[in-house]
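Only one structure is covered here, and it is reproduced in the block below.
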Amino acid sequence: MELLSALSLGELALSFSRVPLFPVFDLSYFIVSIIYLKYEPGAVELSRRHPVASWLCAMLHCFGSYILADLLLGEPLIDYFSNNSSILLASAVWYLIFFCPLDLFYKCVCFLPVKLIFVAMKEVVRVRKIAVGIHHAHHHYHHGWFVMIATGWVKGSGVALMSNFEQLLRGVWKPETNEILHMSFPTKASLYGAILFTLQQTRWLPVSKASLIFIFTMFMVSCKVFLTATHSHSSPFDVLEGYICPVLFGSAWEGDHHYDNHGGSQGSSGPGSPHSALPTKSKEELSEGSRKKKTKKAD
């Protein structure tokens with residue numbers, strides 16, 4: 001803390017933590033979330049044939065984290081939908097992305113320099129939601145560490161965690177795409193962030209909440225902007241997990257094996273490839289990998 005004060009980062013962090021999210025940051029969050037919805041196979045056709053179902057999917061992409069957090073804490077699931085301003089803003093974004101003439105709005109927001117700005121702003125919202133979720137859970141369960149971690153986690157990655165339910169609204173059932181089985185970078189980062197904010201909330205981490213929000217936001221923004229700009233779908237945690245997880249959970253660590261399989265199916269398609277004995281499975285994995293690359297998940 002003395003170092004932060006000496007570098008004048010303490011006041012910067014405090015000011016940053018007080019920046020209001022609505023409407024600018026929330027607008028960016030809605031835009032990126034609904035862009036990922038449009039990436040889903042069949043999402044455009046669904047919006048033409050069943051616009052109500054498409055709108056509900058968009059609302060889940062925008063507000064799924066609030067719904068899951070309310071479910072965990074035993075509060076009304078529909079409570080957040082009383083926020084008319086946010087619902088109308090998200091609905092307007094959904095309509096423009098799916099129904100704007102000539103797809104002009106979609107093309108503008110997907111222009112890479114513009115998209116990177118929106119992605120960065122979305123991560124600001126994600127970190128703030130994690131911090132607020134843990135504070136809310138701490139109010140109900142002062143010593144419930146696991147409740148606080150779970151609440152912060154779903155606040156940061158609720159959309160991904162309920163992706164199978166969202167798929168059902170689109171008439172799709174793919175349980176093998178469960179986010180718990182194949183965690184994306186935002187889901188893992190939200191879990192690790194929830195642990196850090198829980199330690200801070202319970203006074204085990206000697207740093208102010210404003211400073212932790214600032215530092216973790218900078219980490220999330222840097223990683224997500226870099227991954228988006230380079231079209232990379234790896235995770236900054238892969239190297240660390242590659243060393244730690246085999247030691248803790250055995251040499252045949254499934255998370256690393258799954259990652260290698262996807263890498264192998266994409267990078268070794270020749271006749272001598274060890275995966276060539278299973279061509280059908282490799283195609284399936286390649287298709288699934290491509291879908292998850294585009295939709296990792298509000299990512």
Side-chain angles (χ1 to χ4, degrees), residues 1-22 25-26 29 65-66 68-70 72-75 119-158 160-161 180 183-227 234-249 255 299:
M1 288 303 297
E2 292 179 1
L3 178 61
L4 288 176
S5 300
L7 296 175
S8 300
L9 291 179
E11 294 182 4
L12 175 62
L14 186 60
S15 301
F16 179 78
S17 67
R18 293 175 177 174
V19 173
L21 298 181
F22 188 86
F25 287 90
D26 282 344
Y29 185 91
S65 56
Y66 298 99
L68 272 184
D70 288 342
L72 286 179
L73 297 176
E75 298 180 351
V119 167
M121 296 174 76
K122 179 181 179 179
E123 296 311 309
V124 174
V125 178
R126 188 196 304 276
V127 175
R128 196 78 67 85
K129 285 165 64 177
I130 294 172
V132 171
I134 287 172
H135 178 77
H136 190 190
H138 181 260
H139 179 72
H140 291 278
Y141 303 93
H142 292 287
H143 304 290
W145 283 39
F146 290 101
V147 176
M148 286 185 270
I149 291 172
T151 305
W153 187 30
V154 301
K155 271 295 188 79
S157 59
L161 294 173
I180 300 294
M183 288 191 190
S184 60
F185 165 68
T187 303
K188 289 182 180 179
S190 296
L191 177 58
Y192 299 148
I195 294 172
L196 290 176
F197 279 101
T198 298
L199 292 174
Q200 189 281 327
Q201 185 71 48
T202 53
R203 308 295 177 87
W204 283 86
L205 188 63
V207 63
S208 69
K209 180 179 291 187
S211 298
L212 184 58
I213 288 175
F214 180 78
I215 294 169
F216 195 68
T217 300
M218 293 302 104
F219 167 75
M220 290 295 294
V221 167
S222 302
C223 291
K224 204 68 173 75
V225 168
F226 175 78
L227 294 175
S234 60
S235 168
F237 304 122
D238 285 342
V239 176
L240 185 61
E241 290 172 349
Y243 285 104
I244 294 178
C245 292
V247 175
L248 296 178
F249 306 115
D299 140 281

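No hydrogens, no waters, no symmetry mates; every other heavy atom, side chains included, goes into these values. What you are looking at is a predicted structure, and each value in this text was computed from that prediction instead of being measured. Positions are given from 1 along the sequence.
By the side chain to side chain donor-acceptor pair (under 3.5 Å) test, Tyr192 is found to be paired with Glu241, residues two or more places apart in sequence or in another chain being considered. Qualifying ring-ring contact (aromatic ring centres under 6.0 Å, His included) partners for Phe214, counting only residues two or more places apart in sequence or in other chains: Phe16.
Stacking of Lys188 on the aromatic ring of Phe237 is not recorded, the 6.0 Å distance cut-off and the 45° axial limit not both being met.
Rounded to the nearest 0.5 Å, atoms NZ (Lys122) and OH (Tyr29) are 5.5 Å apart. Of the inter-residue distances, the one linking Phe219 atom CZ with Leu196 atom CG reads 10.0 Å to the nearest 0.5 angstrom. For the atom pair CD1 of Ile244 and CG of Leu248, the computed distance is 7.0 Å after rounding to the nearest 0.5 Å. Between atom CZ of residue Arg128 and atom CD1 of residue Ile213 there is a gap of 6.0 Å, rounded to the nearest 0.5 Å.
No more than 12 heavy atoms of other residues, nucleotides or ligands shown are found within 6.0 angstrom of CZ on Phe226.
Here the side chains of His135 and Phe197 are not in contact, with every heavy-atom distance at 4.5 Å or above. Tyr66 places a side-chain heavy atom less than 4.5 Å from the side chain of Lys129.
When all heavy atoms of Ser208 and Gln200 are compared, the pair lying nearest together is C-NE2, 3.8 Å. For the pair Phe185 and Cys223, the tightest heavy-atom approach, listed with the atom from each and the gap, is CZ-CB, 3.5 Å.
Side chain of Ser211 to backbone of Val207: no donor-acceptor contact under 3.5 angstrom is found.
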Would you give me the side-chain donor-acceptor pairs under 3.5 Å for residues 143-156, sequence neighbours excluded?
from, atom 1, to, atom 2, distance (Å)
Thr151, OG1, Val147, O, 2.7
Trp153, NE1, Ser157, OG, 3.4
Trp153, NE1, Thr187, O, 3.0

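Residues His136 and Glu75 have side chains that bring a donor and an acceptor to within less than 3.5 angstrom of each other.
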